[in-house]
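In what follows, a single structure is set out as C-alpha coordinates and then discussed.
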Amino acid sequence: AQTVTQSQPEMSVQEAETVTLSCTYDTSESDYYLFWYKQPPSRQMILVIRQEAYKQQNATENRFSVNFQKAAKSFSLKISDSQLGDAAMYFCAYRNNNNDMRFGAGTRLTVKP
Amino acid sequence: DAGVIQSPRHEVTEMGQEVTLRCKPISGHNSLFWYRQTMMRGLELLIYFNNNVPIDDSGMPEDRFSAKMPNASFSTLKIQPSEPRDSAVYFCASSPRANSPLHFGNGTRLTVT
(Lines give C-alpha, C1' and ligand atoms only; values in the text may rest on other atoms or scores of the structure.)
Protein backbone atom coordinates (compact mmCIF):
# COMPACT_ATOMS: atom_id res chain seq x y z
CA ALA A 1 0.00 0.00 0.00
CA GLN A 2 1.13 3.51 -0.64
CA THR A 3 2.38 5.48 2.34
CA VAL A 4 2.50 9.19 2.94
CA THR A 5 4.98 10.64 5.42
CA GLN A 6 4.91 14.05 7.02
CA SER A 7 8.03 14.30 9.13
CA GLN A 8 7.14 17.56 10.90
CA PRO A 9 4.48 17.05 13.59
CA GLU A 10 4.53 20.78 14.38
CA MET A 11 5.73 23.95 12.68
CA SER A 12 5.46 27.59 13.53
CA VAL A 13 5.81 30.74 11.46
CA GLN A 14 5.72 34.44 12.10
CA GLU A 15 2.83 36.29 10.55
CA ALA A 16 3.72 37.55 7.04
CA GLU A 17 6.64 35.15 6.78
CA THR A 18 6.98 32.03 4.62
CA VAL A 19 6.84 28.44 5.81
CA THR A 20 7.33 25.12 4.04
CA LEU A 21 5.67 21.90 5.09
CA SER A 22 7.27 18.63 4.00
CA CYS A 23 5.68 15.52 2.55
CA THR A 24 7.13 12.39 1.01
CA TYR A 25 5.32 9.38 -0.36
CA ASP A 26 6.07 5.89 -1.48
CA THR A 27 4.58 4.44 -4.65
CA SER A 28 5.48 2.25 -7.58
CA GLU A 29 2.94 3.92 -9.84
CA SER A 30 3.68 6.61 -12.39
CA ASP A 31 0.24 8.20 -12.58
CA TYR A 32 -1.27 9.58 -9.41
CA TYR A 33 -2.49 12.75 -7.72
CA LEU A 34 -1.32 14.65 -4.70
CA PHE A 35 -3.23 17.02 -2.46
CA TRP A 36 -2.81 19.25 0.54
CA TYR A 37 -5.75 19.64 2.91
CA LYS A 38 -6.17 22.08 5.76
CA GLN A 39 -8.09 21.21 8.92
CA PRO A 40 -8.81 24.18 11.22
CA PRO A 41 -10.17 23.68 14.75
CA SER A 42 -13.67 23.48 13.28
CA ARG A 43 -12.46 20.05 11.97
CA GLN A 44 -13.58 20.78 8.43
CA MET A 45 -11.29 19.25 5.79
CA ILE A 46 -10.55 21.95 3.24
CA LEU A 47 -8.71 21.35 -0.02
CA VAL A 48 -5.76 23.72 -0.35
CA ILE A 49 -4.05 22.62 -3.54
CA ARG A 50 -3.69 19.66 -5.90
CA GLN A 51 -0.98 18.34 -8.22
CA GLU A 52 -1.19 15.78 -11.01
CA ALA A 53 1.92 13.61 -11.19
CA TYR A 54 2.09 13.88 -14.99
CA LYS A 55 2.42 17.66 -14.80
CA GLN A 56 5.91 18.99 -14.32
CA GLN A 57 4.77 22.49 -13.46
CA ASN A 58 4.27 23.10 -9.77
CA ALA A 59 0.74 24.03 -8.77
CA THR A 60 0.01 27.39 -7.19
CA GLU A 61 -3.10 28.81 -5.52
CA ASN A 62 -2.64 32.40 -4.42
CA ARG A 63 -0.29 32.29 -1.40
CA PHE A 64 0.01 28.51 -1.55
CA SER A 65 2.40 26.68 -3.84
CA VAL A 66 3.99 23.27 -4.02
CA ASN A 67 7.42 21.93 -4.82
CA PHE A 68 6.76 18.64 -6.54
CA GLN A 69 9.83 16.46 -7.05
CA LYS A 70 8.58 13.28 -8.71
CA ALA A 71 11.88 11.40 -8.75
CA ALA A 72 12.40 12.12 -5.07
CA LYS A 73 8.72 11.43 -4.31
CA SER A 74 8.50 14.71 -2.48
CA PHE A 75 5.58 17.14 -2.36
CA SER A 76 6.13 20.12 -0.07
CA LEU A 77 3.71 22.99 0.55
CA LYS A 78 4.90 26.57 0.75
CA ILE A 79 2.72 29.18 2.40
CA SER A 80 3.79 32.74 1.65
CA ASP A 81 2.79 35.84 3.60
CA SER A 82 1.38 33.67 6.39
CA GLN A 83 -1.81 34.85 8.02
CA LEU A 84 -3.35 34.05 11.39
CA GLY A 85 -6.12 32.20 9.59
CA ASP A 86 -3.57 29.76 8.16
CA ALA A 87 -3.15 28.17 11.59
CA ALA A 88 -4.43 24.61 11.27
CA MET A 89 -3.47 20.98 10.75
CA TYR A 90 -2.21 20.35 7.26
CA PHE A 91 -2.49 16.94 5.65
CA CYS A 92 -0.70 15.68 2.58
CA ALA A 93 -2.63 13.08 0.57
CA TYR A 94 -1.94 10.66 -2.25
CA ARG A 95 -4.51 9.22 -4.63
CA ASN A 96 -4.04 6.65 -7.38
CA ASN A 97 -6.18 5.69 -10.34
CA ASN A 98 -7.64 2.82 -8.34
CA ASN A 99 -9.37 5.46 -6.26
CA ASP A 100 -7.48 4.71 -3.07
CA MET A 101 -6.58 7.84 -1.11
CA ARG A 102 -4.14 7.95 1.79
CA PHE A 103 -3.21 10.73 4.15
CA GLY A 104 -0.10 11.62 6.07
CA ALA A 105 -0.12 12.07 9.84
CA GLY A 106 -0.43 15.82 9.53
CA THR A 107 1.57 18.91 10.53
CA ARG A 108 0.19 21.36 13.04
CA LEU A 109 0.98 24.90 11.91
CA THR A 110 1.02 27.75 14.39
CA VAL A 111 1.12 31.35 13.18
CA LYS A 112 2.60 33.86 15.60
CA PRO A 113 1.37 37.45 15.46
CA ASP B 1 -24.59 22.00 -3.78
CA ALA B 2 -25.20 21.08 -0.15
CA GLY B 3 -21.92 19.25 0.19
CA VAL B 4 -21.46 15.91 1.93
CA ILE B 5 -23.92 15.61 4.78
CA GLN B 6 -23.15 13.53 7.84
CA SER B 7 -25.34 12.80 10.81
CA PRO B 8 -25.27 12.99 13.70
CA ARG B 9 -22.63 15.62 14.35
CA HIS B 10 -22.02 14.25 17.82
CA GLU B 11 -22.86 10.87 19.28
CA VAL B 12 -22.35 9.77 22.85
CA THR B 13 -23.15 6.19 23.71
CA GLU B 14 -22.36 3.55 26.25
CA MET B 15 -20.09 0.62 25.66
CA GLY B 16 -21.92 -2.28 24.10
CA GLN B 17 -24.49 -0.19 22.30
CA GLU B 18 -24.98 -0.15 18.55
CA VAL B 19 -23.98 3.02 16.74
CA THR B 20 -24.99 4.00 13.22
CA LEU B 21 -23.36 6.89 11.40
CA ARG B 22 -24.97 8.25 8.26
CA CYS B 23 -23.70 9.94 5.14
CA LYS B 24 -25.25 11.54 2.09
CA PRO B 25 -22.65 12.14 -0.63
CA ILE B 26 -22.75 14.92 -3.17
CA SER B 27 -25.13 14.12 -6.00
CA GLY B 28 -23.31 12.73 -9.00
CA HIS B 29 -20.27 11.56 -7.06
CA ASN B 30 -19.64 7.89 -7.67
CA SER B 31 -17.07 7.23 -4.95
CA LEU B 32 -17.64 7.34 -1.21
CA PHE B 33 -15.06 6.99 1.55
CA TRP B 34 -15.24 6.47 5.30
CA TYR B 35 -12.31 7.66 7.43
CA ARG B 36 -11.63 7.59 11.14
CA GLN B 37 -9.51 10.29 12.79
CA THR B 38 -7.80 9.95 16.15
CA MET B 39 -4.88 11.72 17.75
CA MET B 40 -2.88 8.51 17.90
CA ARG B 41 -3.51 7.15 14.40
CA GLY B 42 -4.40 10.20 12.36
CA LEU B 43 -6.73 9.76 9.38
CA GLU B 44 -7.35 6.11 8.64
CA LEU B 45 -9.21 4.91 5.57
CA LEU B 46 -11.82 2.41 6.72
CA ILE B 47 -13.60 1.54 3.50
CA TYR B 48 -14.50 3.01 0.14
CA PHE B 49 -17.20 2.38 -2.43
CA ASN B 50 -17.29 2.86 -6.20
CA ASN B 51 -20.76 3.00 -7.71
CA ASN B 52 -22.20 1.69 -4.43
CA VAL B 53 -19.92 -1.36 -4.43
CA PRO B 54 -17.38 -1.80 -1.61
CA ILE B 55 -13.93 -1.89 -3.16
CA ASP B 56 -11.53 -2.01 -0.24
CA ASP B 57 -12.56 -2.68 3.34
CA SER B 58 -9.13 -3.70 4.56
CA GLY B 59 -9.10 -0.71 6.89
CA MET B 60 -12.16 -1.82 8.80
CA PRO B 61 -10.70 -2.61 12.21
CA GLU B 62 -12.88 -5.51 13.27
CA ASP B 63 -16.01 -7.45 12.53
CA ARG B 64 -17.80 -5.06 14.83
CA PHE B 65 -17.60 -2.51 12.03
CA SER B 66 -19.75 -2.72 8.92
CA ALA B 67 -20.59 -0.29 6.13
CA LYS B 68 -23.30 -0.28 3.53
CA MET B 69 -24.24 1.81 0.55
CA PRO B 70 -27.73 0.74 -0.53
CA ASN B 71 -27.96 3.47 -3.16
CA ALA B 72 -25.97 6.32 -4.65
CA SER B 73 -27.24 8.86 -2.16
CA PHE B 74 -26.80 7.14 1.18
CA SER B 75 -24.27 5.19 3.20
CA THR B 76 -24.04 3.97 6.77
CA LEU B 77 -21.22 2.93 9.04
CA LYS B 78 -22.32 0.73 11.90
CA ILE B 79 -20.43 -0.32 15.00
CA GLN B 80 -21.88 -3.13 17.06
CA PRO B 81 -21.09 -3.50 19.86
CA SER B 82 -19.28 -0.23 20.43
CA GLU B 83 -16.21 0.03 22.68
CA PRO B 84 -14.46 3.03 24.26
CA ARG B 85 -11.53 2.65 21.86
CA ASP B 86 -13.92 3.39 18.98
CA SER B 87 -14.13 6.98 20.20
CA ALA B 88 -12.99 9.17 17.30
CA VAL B 89 -14.17 11.53 14.61
CA TYR B 90 -15.59 9.65 11.65
CA PHE B 91 -15.53 11.37 8.28
CA CYS B 92 -17.41 10.57 5.14
CA ALA B 93 -16.13 11.92 1.82
CA SER B 94 -17.19 11.66 -1.79
CA SER B 95 -15.57 12.21 -5.15
CA PRO B 96 -16.82 12.38 -8.75
CA ARG B 97 -13.90 10.43 -10.24
CA ALA B 98 -10.53 8.93 -9.47
CA ASN B 99 -8.42 11.97 -10.27
CA SER B 100 -10.50 14.37 -8.20
CA PRO B 101 -10.03 15.55 -4.64
CA LEU B 102 -12.33 14.27 -1.95
CA HIS B 103 -15.12 16.42 -0.59
CA PHE B 104 -15.52 15.85 3.12
CA GLY B 105 -18.48 16.05 5.42
CA ASN B 106 -18.16 17.78 8.77
CA GLY B 107 -17.58 14.52 10.56
CA THR B 108 -19.29 12.73 13.43
CA ARG B 109 -17.58 12.88 16.80
CA LEU B 110 -18.26 9.58 18.53
CA THR B 111 -17.70 9.14 22.23
CA VAL B 112 -18.16 5.70 23.74
CA THR B 113 -18.19 5.66 27.53
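Below, chains carry the letters A, B, ... as their sequence lines are ordered, and counting in each starts from 1. The model shown is predicted, which means the values in this text are computed figures rather than measured ones.
Most heavy-atom pairs under 4.5 Å with chain A: of the set B:A93, B:S100, B:S95, B:S58, this distinction falls to B:S100.
Between A:F103 and A:F91, the angle of the ring planes goes over 60°, which puts this pair in the perpendicular group of the 30/60° scheme.
Of the candidates B:K78, B:R109, B:R64, B:R64 is the only one forming a salt bridge (Lys or Arg N to Asp or Glu O under 4.0 Å) with B:D86.
Heavy-atom distances place no part of A:Q6 under 4.5 Å from chain B, backbone and side chain included. Residue A:R50 touches chain B through its side chain alone, counting heavy-atom pairs closer than 4.5 Å. For a residue to count as touching a neighbouring chain, one of its non-hydrogen atoms must lie under 4.5 Å from one of that chain's; by this rule B:N106 touches chain A with backbone and side chain alike.
A:K73 NZ: more than 12 foreign heavy atoms inside a 6.0 Å radius. More than 12 heavy atoms of other residues, nucleotides or ligands sit less than 6.0 Å from atom NZ of A:K70.
Within residues 30-52 of chain B, the residues that have a heavy atom under 4.5 Å from a heavy atom of chain A are B:S31, B:F33, B:Y35, B:Q37, B:L43, B:L45, B:Y48, B:N50, listed by number.
Residue A:M89 holds its CE atom at 7.0 Å from OG1 of A:T107, rounded to the nearest 0.5 Å. Within the model, atoms CG of A:N67 and SG of A:C23 stand 12.0 Å from one another, a figure rounded to the nearest 0.5 Å.
A:Y32 has its ring centre less than 6.0 Å from the ring centre of A:Y94.
Remark: the backbone N or O of B:L110 is not paired with any side-chain donor or acceptor of B:E11 at under 3.5 angstrom.
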